[in-house]
Amino acid sequence: MTTLAHLSKVKVHKESGNSKIKRIEFDGFPEAARMGIHGGVAEFFKMKPDEPLPSTLDYVVGAVAGCLTGVLTGALEGRGIRTDSEKFETDAEGTIENVDGQLLLTHVTVTYRIKVPKDQRAATERALEHHESRCPVSQSVKRGITVEWRSEIEEE
């Protein structure tokens with residue numbers, strides 16, 4: 001059985017001109033995120049962006065890594081293990097591939113660098129064993145997300 005916990009609402013506006021830049025507004029937050037293209041994504045679309053920006057796929061990689069990091073650091077802190085920047089760091093890589101003519105994010109690798117006292121190693125390993133199963137973003141991506149769309153067309 002499922003129950004609604006939250007309905008995420010965003011508005012997307014394409015910036016003027018012949019660019020791939022979009023402004024993403026999150027309901028309830030004043031700052032907009034800007035997304036565009038760069039690197040291999042720009043090459044795939046045969047574009048040279050005037051302003052290279054992270055792509056929508058980069059944001060998915062960041063969301064997975066950010067959520068996993070939040071779950072893990074919460075578990076570590078609950079065990080009395082420090083997670084400040086001197087003791088804990090996360091890097092993530094997303095593999096974006098051309099699959100049958102379509103760009104797809106096919107793999108995300110998250111690497112943690114954690115410094116812990118010897119007596120806290122076992123507790124750290126236990127937290128690592130279980131953190132992914134508690135990460136809503138990772139679990140959503142792994143299970144697949146139903147995407148649907150609707151349109152409202154108004155003639156001028």
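Val41 and Met35 fall into different hydrophobic clusters, where Ile, Leu, Val, Met, Phe, Trp and Tyr side chains are chained together by heavy-atom contacts under 4.5 Å. In the hydrophobic cluster analysis, where Ile, Leu, Val, Met, Phe, Trp and Tyr join through side-chain heavy atoms closer than 4.5 angstrom, Leu104 is grouped apart from Val141. Taken together through direct or relayed side-chain contacts under 4.5 Å among Ile, Leu, Val, Met, Phe, Trp and Tyr, Val71 and Val60 form parts of separate hydrophobic clusters. Following chains of ILVMFWY side-chain contacts shorter than 4.5 Å, one cannot reach Val137 starting from Val10, and the two form parts of different hydrophobic clusters. Hydrophobic cluster membership is shared by Phe26 and Val12, with clusters built from Ile, Leu, Val, Met, Phe, Trp and Tyr side chains linked at under 4.5 angstrom.
Here the CG-SG distance, from Leu72 to Cys67, works out to 11.0 Å after rounding to the nearest 0.5 Å. The line from CD1 of Ile96 to CG of Leu57 is 4.5 Å long, rounded to the nearest 0.5 Å. Here NZ of Lys115 is found 9.0 Å from CD of Glu89. Values are rounded to the nearest 0.5 Å. Distance check: Ser55 OG to Phe44 CZ gives 12.0 Å after rounding to the nearest 0.5 Å. Separation of atoms CD (Gln120) and CZ (Arg126) is listed at 10.5 Å; rounding is to 0.5 Å. Going from atom CD1 of Ile114 over to atom OG1 of Thr124 covers 6.0 Å, rounded to the nearest 0.5 Å.
Applying the ring pair (Phe, Tyr, Trp, His ring centres under 6.0 Å) test to every pair with at least one member in residues 54-91, sequence neighbours left out, gives these pairs: Phe88-Tyr112.
Minimum heavy-atom separation, Leu76 to Ala127: CD2-CB, 3.8 Å. Nearest approach of Cys135 to Val64, heavy atoms of both residues: SG-O, 4.5 Å. Arg134 and Pro136 make their closest contact through O-CD, 3.3 Å (heavy atoms, listed as atom of the first residue, atom of the second, distance). Here the shortest heavy-atom pairing between Gly94 and Val61 reads CA-CG2, 3.6 Å. Here the shortest heavy-atom pairing between Ile21 and Glu51 reads CD1-OE1, 3.8 Å. Closest heavy-atom contact between His38 and Asp58: NE2-OD2, 2.6 Å.
Of the possible donor and acceptor atoms, one in the side chain of Ser133 sits under 3.5 Å from a partner among the backbone N and O of His130. A donor-acceptor distance shorter than 3.5 angstrom exists from the side chain of Lys22 to the backbone of Lys20, with no hydrogens or angles considered. Judged by distance alone, with hydrogens and angles left aside, the side-chain atoms of Arg79 form a donor-acceptor pair with the main-chain N or O of Ala75 at under 3.5 Å. Without hydrogens or angle criteria, Ser151 side chain to Ile153 main chain gives no donor-acceptor distance under 3.5 Å.
For Thr69, the side-chain hydrogen bond (donor to acceptor under 3.5 Å, both in side chains) partners are Thr90, not counting sequence neighbours.
Side chains of Glu132 and Leu68 form a contact here, defined as non-hydrogen atoms less than 4.5 Å apart. Using a 4.5 Å cut-off on side-chain heavy atoms (C-beta onward), Arg150 and Glu148 make contact.
Within 6.0 Å of CD on Glu129 lie more than 12 heavy atoms contributed by other residues, nucleotides or ligands. Taking a 6.0 Å sphere around CG of Asp50, one finds it holds 12 or fewer heavy atoms contributed by other residues, nucleotides or ligands. Around CD of Glu93, the count of heavy atoms belonging to other residues, nucleotides or ligands within 6.0 Å does not exceed 12. Other residues, nucleotides and ligands place no more than 12 heavy atoms under 6.0 Å from the CZ atom of Arg143.
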- Begin from the C-alpha positions of Glu152 and Glu154 and carry the test side-chain contact (heavy atoms from CB on, under 4.5 Å) through to its verdict. CA-CA 7 Å; Glu152 296 175 10; Glu154 180 180 326; over 6 Å; no
- Item | side-chain contact (heavy atoms from CB on, under 4.5 Å) between Gln102 and Val99, worked out | CA-CA 5 Å; Gln102 184 174 9; Val99 179; 5.7 Å; no
- CA sep, side-chain torsions, deciding dist, call: Leu53, Arg34, side-chain contact (heavy atoms from CB on, under 4.5 Å): CA-CA 7 Å; Leu53 289 169; Arg34 294 177 75 227; 4.1 Å; yes
- Message: Set out, in order, the CA-CA distance, both residues' side-chain angles and the distance that settles side-chain contact (heavy atoms from CB on, under 4.5 Å) for Glu77 and Thr83, then state yes or no.
- Response: CA-CA 7 Å; Glu77 290 165 359; Thr83 60; 2.4 Å; yes
